Undergrad: 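There's a structure below that I have some questions on.
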Amino acid sequence: MSLALGNHILVEFMNCDPNIMNDVAQIEKDMVEAAQRADATVINSTFHHFSPWGVSGVVVIQESHLAIHTWPEYGYAAVDLFTCGDMNAWISFDFLKEAFKSQSYSAIEMKRGSVNLLERNDFDITTMRQKASEWRNPEFFTRNVWFTDKDEDQALSLRFTGEVFFDVQSPFQRVRIIESYKYGKMLALDDMVMTTIEDEFHYHEMISHPAMFTHGNAKNVLVIGGGDGGTVRELLKHDGVEKVTMVEIDGEVIKACKEHLPQIAAAFDHPKLDLKVDDGIAFLKQAQAESYDIIIVDGSDPVGPAEGLFSVEFYTNCYNALKKDGILVAQGESPKFNQKAFAELNHTLQSIFGTDNAPVSLFFVPTYPTGMWSFQYGIKGDKHPKRLEAAGIDAFVEAKGLRYYNEEVHRGSFATPNFVKTLLKK
Ligand code: SAM
């Protein structure tokens, strides 16, 4: 009989594949399989992905636990294989070494809880033994794989099934489709939540309909970005539109959403849509002057390919490409998350369109950090969303089955809290 209660193997896996070290779903799958290969009974797995990188997690087994923390930037994983009973955790070690493509490693094995050093309390163990309430199928265990979108000080975490439906590193970003328990399937770009099945309508109705009703007669609309397709889907609900041009830089985003988010990417084959895979910044540079009624910038956060979508030059080109009474709408970040980008974008729009012609619409998206998000406007003529005169909004809302936008929400979204007014003061 072992004279120790547990056996602990502390492992340093080095020179591992950094991409695997940053892949929460893959690591969760490998750690669970490592336990099962050693005939352990898995009770629960809880794994967190930290953006920008790193994974932490534990697989609780009847025989104790397997734990891991990774540093992808070093290709390093610290792994604890703690077992009791006669489970051979070296089988798990061998499996993980292969799975992580570890080129070098060190491992220390130590006995934990030497019974010689411990004194057994003589209490009635039956009082402590919790009767297993019902038979539990060892095949099923709760998986808590968490996807976390965060900046230095705040985060939004979504529990997802661990299932990865699409995972491609494109020339611009990592494109993934995963499934969250609460918000269904979702698109993540470089570990940032872009859109989810359960709350996408908040964003896509509010980026499109306020401008369409403010303009009242938009025929030619340009969308920059919007690779998930939700924005063009909403725009094409307006029968008066003659042409929508969409310029998305990353064909992998379109492909992923067509395949796995068809209800969002529903209008990609619409006859009025001219879908281009191109850089929106370059497209605007050569766009014909005064050619669009509305320009919508449905871009991601100001990093990577979307950084230039927050520049003075880009918005000056947008201004020039708009017709005299044109309207610009831009994904505006949040006054509570990326505050600096939020304020700087508005100052840029004020400097190009005029102080009173850069209104901000605030709305809620539960799966964006803080849930409070914005669209920022540039009004070239006098069609101002705060002076909405459109008729027939409620009939349109009814007919098209809109779930977020209506006339009240339109007007309310341009009501600006005082702290935001202060932020926007130039
Ligand atoms: N709702 C999201 C948000 O608030 O962050 C945006 C969704 S949409 C998926 C963002 C799209 O902008 C992505 O598909 C990305 O590839 C695209 N994009 C980023 N930079 C771009 C650029 N320079 N030109 C065209 N599309 C761009």
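The analysis underlying the following values was restricted to heavy atoms, covering all of them including side chains, and did not include hydrogens, waters or symmetry mates. What you are looking at is a predicted structure, and each value in this text was computed from that prediction instead of being measured. Whatever order the structure lists them in is the order used to number ligands and atoms, beginning at 1.
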Undergrad: Mind checking side chain to side chain contact (heavy atoms under 4.5 Å, CB included) for Ala341 and listing every partner two or more places apart, or none if nothing turns up?
TA: Pro302, Glu333, Asn338

Undergrad: Under a 4.0 Å N-O cut-off, is there an ion pair linking Arg37 with Asp94?
TA: no

Undergrad: Mind jotting down which protein residues get a heavy-atom contact under 4.0 Å with ligand 1? Chain and number order, please.
TA: Gln173, Leu187, Leu189, Met194, Tyr203, Gly225, Gly226, Gly227, Asp228, Val247, Glu248, Ile249, Asp250, Val253, Asp278, Asp279, Gly280, Ile281, Asp298, Gly299, Ser300, Pro305, Ala306, Leu309, Gln331, Tyr368

Undergrad: Looking at residues at least two apart in the chain, or sitting in another chain, which of them share a side chain to side chain contact (heavy atoms under 4.5 Å, CB included) with Ala321?
TA: Leu284, Ala287, Tyr292, Ile295

Undergrad: Going by an N to O cut-off under 4.0 Å, is there a salt bridge joining Lys185 and Glu163?
TA: no

Undergrad: If you take all heavy atoms of Thr195 and His204, which pair is closest and at what distance?
TA: OG1-CE1, 3.5 Å

Undergrad: Applying side chain to side chain contact (heavy atoms under 4.5 Å, CB included), name anything that partners Asp39, two or more places apart in sequence or on another chain.
TA: none

